[in-house]
Student: 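First the structure, which I've put down as structure tokens, then a few questions once you've had a look.
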Amino acid sequence: MKTKTRSSLISYQPAGQFEETRFEKIHNVIFDTSQQGSIEVAKEISNLIRERASKGQNCVLGLATGSSPIKVYEELVRMHREEGLSFSNVVTFNLDEYYPMEKGNIQSYHYFMHQHLFDHVDIAPGNIHIPDGTVSIEEIKEYCRSYEKKIEEEGGLDFQLLGIGRTGHIGFNEPGSHHNSATRDITLDHITRVDAASAFKGVENVPRKAITMGISTIRNAKRIILLAWGQNKAEVVKATIEGEISSEVPATYLQEHGNATFVMDKEAAAQLTRIDTPWLVGGCSWTEDLTHKAVTWLSMAKAKPILQLTDKDYNDSGMSDLLNLELSSYEINIKTFNRLQHTITGWPGGKPNAADSNRPERAEPTKKRVIIFSPHPDDDVISMGGTFDRLVAQGHEIHIAYQTSGNIAVADHEALKVAEVANSIGETPLFSKVIKDIQAKTGEDFDSELVRKVKGNIRRAESLGATRYFGIPDEQVHFLDLPFYETGAIKKSPLSEKDIAIMNNIIEEVRPHQIFAAGDLADPHGTHRVCLEVLFESLRRLKDEFFMKDCWVWLYRGAWHEWEIHEIEMAVPMSPEQVLRKRKAIFYHQTQKDGVMFQGEDPREFWVRAEERNKETAHKYQTLGLASYAAMEAFVRYHF
Ligand code: F6R
């Protein structure tokens, strides 16, 4: 049964009805940003609430937690405050809750829902239902049955909001969940626990179980919208929308729902066939960039150097129309090869006294002022240590600006070590207090301001070790300590004018010819993303200043992903010796070595990840038929 929504950008249509969507089995809509998508979803929800209210009926909403729905809730709260949207006829059922879990615990979904929505709207407390993480083990089965019954008594879910986990879970229906499953307790998948680890300060603190609505509970909702933001979701989104229905990816059960829509941003949709390899779907409009992407893809898919691709290779892979445009594979191959060749430079600050029309950077001015923005105190060396080293060696004036203090990533025992060493030389009340504060801390406590200061200063000292090793004077190392980060907790404050002013100041002070920054879009709420947003805002505000006309911005990728080959606009090769110098610079960040606090899902040390990634980029260039280097760092230019 379909809900009547006013026609909107996300109104349901059957999937796969056009040629370009023929691989797709779930209706989906792609937005430029998660903000835009969230506003459309909030509109649909508010329309439904109002439509029900106008008929004197309740509106029964199934709600999700996690990072995905936060902006939808923000928009609903705004509509309540500014447009009089009332929640007095709204009844809600949340998808899930960790088990066991106290309601007052800040990690609980109970806490989350009140913090993001319920405390700010006029919903009747009796209309709110969230699975209870405190029921006893013996009572769980009965409790779950009663949860299902309550949904039925309210007439079923009119609307269900979902996120998607990287395991393909919806709610906490992990791989293996049956399509007929109802509300029940479930064991969380390891990947799900790893994804939640940073919120719980370590995977060992993440509960092993949860209570979740079942697949059938969700499928019975009259309308379903699933939100997916960011590159981290791209793989599971493709598997869900284009793959076969399978209990291994429980979200694929939504293919059988007649009124489900996925709302995504460009990053989450990036692996859909029509976006990633549109030539496999049907005719495409061949821009220069698309041709470049297609040819590098073809070369890798065929495991053949670009200059050896034949007309047949193109014809076999849906690119015959490209051949018609360009006349022969020979022409296309040469063009693509040259474009890639021109991305490679050992002169990331430009090569003095050399023709530069085919180089990524300008020759002039020969000595450039450069700011390297690093979200945490170590991303500079992890992500672009080789390029950093070269820029110094080639005589440019390099300023390093660490955007955040990175203090929460320092373990207590590191701060304790520093305080105890200081006290062992001469006991001071200050360091005695540091020791006392750390010893008094229990699992959920935030660090005292003093302990945060010690932790932040440890990271400063480590950074200075690395920048001195590369030969940067201390005056050119700037610790910005952006205030949005300084909450002492994993959850950060929103960006404010103070953050922007600090960024503007450093740019105005240095007047750089080059800015390097972390271009991480993978995580919609991660620190890297916020650090990029604040830079973009500063650039927007400063763009008319005379010195900005000469400023080029280069984006590197953080510790997690690398740019795709076809995106790279500057590739800086490294010799085996340079790889070792980079490794040594990373080693100065000792608190981030050997089992760090925020390891993420990748168990490798940061220096290992960096080396393997740089080696892989070099290897890809070699596979495409270009020169063979030990390692390469990659950059994309940002035009503001
Ligand atoms: C939350 C829930 C989960 C999340 C999923 C994605 O109530 O049921 O299925 O929607 O884990 O989480 P985020 O949005 O944090 O990526």
Side-chain angles (χ1 to χ4, degrees), residues 34 37-38 41 61-74 92-99 101 107-118 128-133 147 157 159-177 181 183-200 203 206-207 209-215 217-219 221 224-237 239-240 249-254 260 262-265 267-268 490-492 521-526 529 600-601:
S34 57
S38 299
V41 174
L61 301 179
L63 297 180
T65 53
S67 62
S68 307
I70 290 178
K71 288 186 180 134
V72 174
Y73 297 148
E74 266 170 27
T92 63
F93 287 89
N94 262 84
L95 279 166
D96 42 18
E97 178 61 281
Y98 291 110
Y99 184 84
M101 180 57 73
Q107 330 295 358
S108 75
Y109 285 167
H110 189 275
Y111 186 93
F112 176 101
M113 285 310 299
H114 286 80
Q115 181 193 29
H116 289 282
L117 183 65
F118 299 146
I128 297 171
H129 305 89
I130 304 172
D132 183 353
Y147 201 75
L157 300 167
F159 179 101
Q160 176 65 56
L161 190 61
L162 295 175
I164 183 165
R166 287 188 309 124
T167 58
H169 72 212
I170 46 177
F172 273 140
N173 291 283
E174 297 288 17
S177 293
S181 54
T183 301
R184 68 201 185 287
D185 57 315
I186 189 156
T187 301
L188 295 177
D189 194 279
H190 181 67
I191 296 181
T192 300
R193 293 183 67 236
V194 166
D195 282 350
S198 68
F200 283 87
V203 69
V206 181
K209 299 194 76 169
I211 298 178
T212 182
M213 278 185 196
I215 296 287
T217 332
I218 294 170
R219 287 199 325 175
I224 294 177
I225 288 187
L226 184 147
L227 310 169
W229 316 127
Q231 192 182 15
N232 281 341
K233 300 288 169 75
E235 199 178 325
V236 74
V237 159
T240 304
V249 185
T252 53
Y253 292 129
L254 298 174
F262 277 27
V263 175
M264 301 180 276
D265 61 7
E267 287 81 20
I490 314 265
K491 189 168 174 343
K492 307 295 183 242
L521 302 163
D523 172 3
H525 299 285
R529 173 86 182 217
E601 82 209 75

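For reference, positions follow the sequence shown, starting with 1. Both counts, for ligands and for their atoms, begin at 1 and track the order of listing.
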Student: Do any nitrogen or oxygen atoms of Gly171 come within less than 3.5 Å of a nitrogen or oxygen of ligand 1?
Tutor: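 Yes, there is a polar N/O contact under 3.5 Å.
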Student: Looking just at side-chain N and O atoms, do Thr187 and Glu174 make a donor-acceptor pair shorter than 3.5 Å?
Tutor: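 Note: Thr187 and Glu174 side chains miss the donor-acceptor criterion.
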Student: Identify which one of Asp96, Leu117, Ile130 satisfies the side chain to side chain contact (heavy atoms under 4.5 Å, CB included) criterion when paired with Thr65.
Tutor: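 With Thr65 as partner, side chain to side chain contact (heavy atoms under 4.5 Å, CB included) holds for just one option, Asp96.
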Student: Among all protein heavy atoms, pick the one closest to atom 10 (O) of ligand 1 and tell me residue, atom and distance.
Tutor: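 Here the nearest protein heavy atom works out to Gly163 CA, 3.3 Å.
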Student: Please check if any side-chain donor atom of Thr92 sits under 3.5 Å from a side-chain acceptor atom of His129, or the reverse.
Tutor: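 Judged by distance alone, the side chains do not pair up.
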Student: Which heavy-atom pair separates Met113 from Ala64 by the least distance, and what is that distance?
Tutor: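 Looking at all heavy atoms of both residues, the closest pair is SD-O, 3.8 Å.
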Student: Students should be able to answer this: which protein heavy-atom is nearest to atom 8 (O) of ligand 1, and at what distance?
Tutor: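 Atom 8 (O) of ligand 1 sits closest to the protein heavy atom Asp96 OD2, 2.4 Å.
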Student: Under 4.0 Å, heavy-atom basis, I'd like to know which part of Ile164 is in contact with ligand 1: side chain, backbone, both or neither.
Tutor: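 Backbone only; the side chain of Ile164 stays clear of ligand 1.
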Student: Looking only at side-chain N and O atoms, does Arg184 offer a donor or acceptor that is under 3.5 Å from a partner on Ser177?
Tutor: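 Ser177 vs Arg184: donor-acceptor pair found between side chains.
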Student: Taking atom OH as the centre, does Tyr111 end up with more than 12 heavy-atom neighbours from other residues, nucleotides or ligands that are less than 6.0 angstrom away?
Tutor: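 Atom OH in Tyr111 is not crowded, with 12 or fewer foreign heavy atoms closer than 6.0 Å.
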Student: Near His169, which atoms of ligand 1 are under 4.0 Å from a heavy atom of that residue?
Tutor: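 Numbered from 1, ligand 1 contributes 3 (C), 5 (C), 9 (O), 11 (O).
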Student: Who's the nearest protein heavy-atom neighbour of atom 1 (C) of ligand 1, and how far?
Tutor: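 In this structure, atom 1 (C) of ligand 1 has Thr65 OG1, 3.1 Å as its nearest protein heavy atom.
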Student: Could you identify the single nearest non-hydrogen protein atom to atom 15 (O) of ligand 1 and state the distance to 0.1 Å?
Tutor: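 Ranked first by proximity to atom 15 (O) of ligand 1 is Ser67 N, 2.8 Å.
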Student: Under the ring pair (Phe, Tyr, Trp, His ring centres under 6.0 Å) criterion, do Phe118 and Phe112 qualify, and how do the steps go?
Tutor: CA-CA 9 Å; Phe118 299 146; Phe112 176 101; 9.8 Å; no
Student: Say whether Tyr109, considering both its backbone and side-chain N or O atoms, lies within less than 3.5 Å of an N or O atom on ligand 1.
Tutor: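 The answer is no, given that Tyr109 and ligand 1 share no N or O pair closer than 3.5 Å.
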Student: Run the numbers for me: atoms of ligand 1, each under 4.0 Å from some heavy atom of Leu95, listed by number.
Tutor: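 Listed by number with element, the hits are 8 (O).
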Student: For Gln115, does the CD atom sit with more than 12 other heavy atoms under 6.0 Å from it, leaving out its own atoms?
Tutor: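 Atom CD in Gln115 is crowded, with more than 12 foreign heavy atoms closer than 6.0 Å.
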Student: Considering only heavy atoms, which of Lys233, Arg166, Glu97 lies nearest to atom 12 (O) of ligand 1?
Tutor: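 Looking at heavy atoms only, the winner is Lys233.
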Student: Out of Gly66, Ser68, Gly62, indicate the one that has the non-hydrogen atom closest to atom 14 (O) of ligand 1.
Tutor: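 The option holding the nearest heavy atom is Ser68.
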